[in-house]
Amino acid sequence: VRGAIMAGRYRPGQPLRQVQLMADLDLGATPAREAALELVAKGLLVHESHHGIRVAELDAARVAHVYRVRALLESEAARLSAANADARTIDEVRGLARTMAAAFAAGDLRGLGDVDARFHRALYAAAGNPMLLALIEQMWDQFPRYMLWQRRERVRQSLAEHKAIAAAFARRDAAGVGRAVERHILNGLRAFDALLAAQAAATGESDGR
């Protein structure tokens, strides 16, 4: 269920019924109910009396908090990894950066999102702090990241940022890779702010007509 929300299969504000989850995701009644309750507790779903469950709307302030926490956690994980990474990990990170560029060139935005997640997991794998990595993954589940992959100008910028991250990592430049990751995430926040502003403006124009 979380994956369907993160991938945009279920959109912000969309009502969800248990029978729909059971049919869409091939779940039994008990797993569907337990999944919904868990995601309500995590804030991805909202339960409303007499209205059932819906996907949580995007909240600009909440998204900003998530991105700033991500910037702190992920820049630290990258610094730790750069100090510990072996040649195999470095090659994997650089290869995934190239794979992302190839996916974008081929117009495979869904594949691009999948490789992005692999890139960041590989980048932080050598941090040597399982609790830090668990917190990072928890932050990734707080909002639908797929939305930014629909903005080609942000994707181009993001690819350049991934290339810079991989280069600093290959040099084992702990401070440099930390700064590059922080810059990448905060640029993502600015792109998300612009996306939400554009959506609000479009909704206002529609209402005005």
Side-chain angles (χ1 to χ4, degrees), residues 1-74 103 107-118 120-121 130-152 154-155 158 185-209:
V1 178
R2 181 189 297 109
I5 295 172
M6 293 299 105
R9 186 170 176 181
Y10 301 137
R11 300 283 178 154
Q14 178 179 338
L16 292 177
R17 297 185 180 276
Q18 183 172 309
V19 291
Q20 179 184 0
L21 294 177
M22 292 168 61
D24 288 353
L25 304 175
D26 193 23
L27 294 173
T30 299
R33 181 169 59 254
E34 290 177 349
L37 291 174
E38 179 181 342
L39 294 180
V40 167
K42 291 185 175 181
L44 290 178
L45 298 179
V46 176
H47 183 268
E48 298 176 322
S49 299
H50 310 300
H51 293 285
I53 291 173
R54 61 177 173 80
V55 180
E57 299 280 1
L58 290 176
D59 178 85
R62 184 170 181 271
V63 170
H65 293 325
V66 169
Y67 266 93
R68 291 190 177 109
V69 171
R70 282 189 61 203
L72 291 170
L73 296 177
E74 295 183 43
D108 182 10
L109 296 185
R110 180 172 180 177
L112 179 58
D114 292 341
V115 180
D116 173 66
R118 290 168 54 199
H120 284 278
R121 285 190 176 94
M131 185 174 293
L132 176 59
L133 299 185
L135 289 171
I136 288 171
E137 292 200 348
Q138 182 180 336
M139 289 298 100
W140 289 349
D141 285 342
Q142 295 300 308
F143 66 99
R145 298 187 304 278
Y146 74 90
M147 296 180 69
L148 287 184
W149 294 118
Q150 298 175 352
R151 299 179 69 86
R152 297 184 69 84
R154 172 54 194 159
V155 176
S158 180
I185 293 172
L186 294 180
N187 282 343
L189 172 57
R190 283 187 278 273
F192 220 108
D193 284 342
L195 173 62
L196 293 180
Q199 290 180 339
T203 300
E205 291 175 1
S206 177
D207 291 344
R209 289 195 295 270

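By convention here, the first residue in the shown sequence is residue 1. Fair warning: this is a prediction, and the values are worked out from it, not measured in the lab.
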Could you tell me which non-hydrogen atom of [X] sits nearest to which non-hydrogen atom of [Y], and how far apart they are?
X	Y	answer
Arg70	Ile185	O-CD1, 3.7 Å
Gln18	Ala32	CG-CB, 4.0 Å
Leu186	Ala71	CD2-CB, 4.1 Å
Pro31	Leu27	CB-CD2, 4.4 Å
Asn187	Arg154	CB-NH1, 3.6 Å

Working to the nearest 0.5 angstrom, can you tell me the gap between [X] [atom1] and [Y] [atom2]?
X	Y	atom1	atom2	value
Thr30	Met22	OG1	CE	8.5 Å
Glu34	Leu37	CD	CG	8.0 Å
Gln14	Arg54	CD	CZ	12.0 Å
Asp116	Arg121	CG	CZ	9.5 Å
Leu72	Met139	CG	CE	11.0 Å
Leu73	Glu137	CG	CD	12.0 Å

field: CA sep, side-chain torsions, deciding dist, call: Val46, Ile53, side-chain contact (heavy atoms from CB on, under 4.5 Å)
entry: CA-CA 6 Å; Val46 176; Ile53 291 173; over 6 Å; no
- request: Before giving the answer on side-chain contact (heavy atoms from CB on, under 4.5 Å), spell out for Leu21 and Tyr10 the whole-Å C-alpha distance, their side-chain angles and the decisive distance to 0.1 Å.
  value: CA-CA 10 Å; Leu21 294 177; Tyr10 301 137; 3.8 Å; yes
field: Other residues, nucleotides, ligands: >12 heavy atoms within 6.0 Å of Arg62 CZ
entry: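 Result for CZ/Arg62: enclosed.
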side-chain contact (heavy atoms from CB on, under 4.5 Å), paired with Glu74, selected from Leu132, Leu133, Ile136, Val69: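 When Leu132, Leu133, Ile136, Val69 are each tested with Glu74, the side-chain contact (heavy atoms from CB on, under 4.5 Å) holds only for Ile136.
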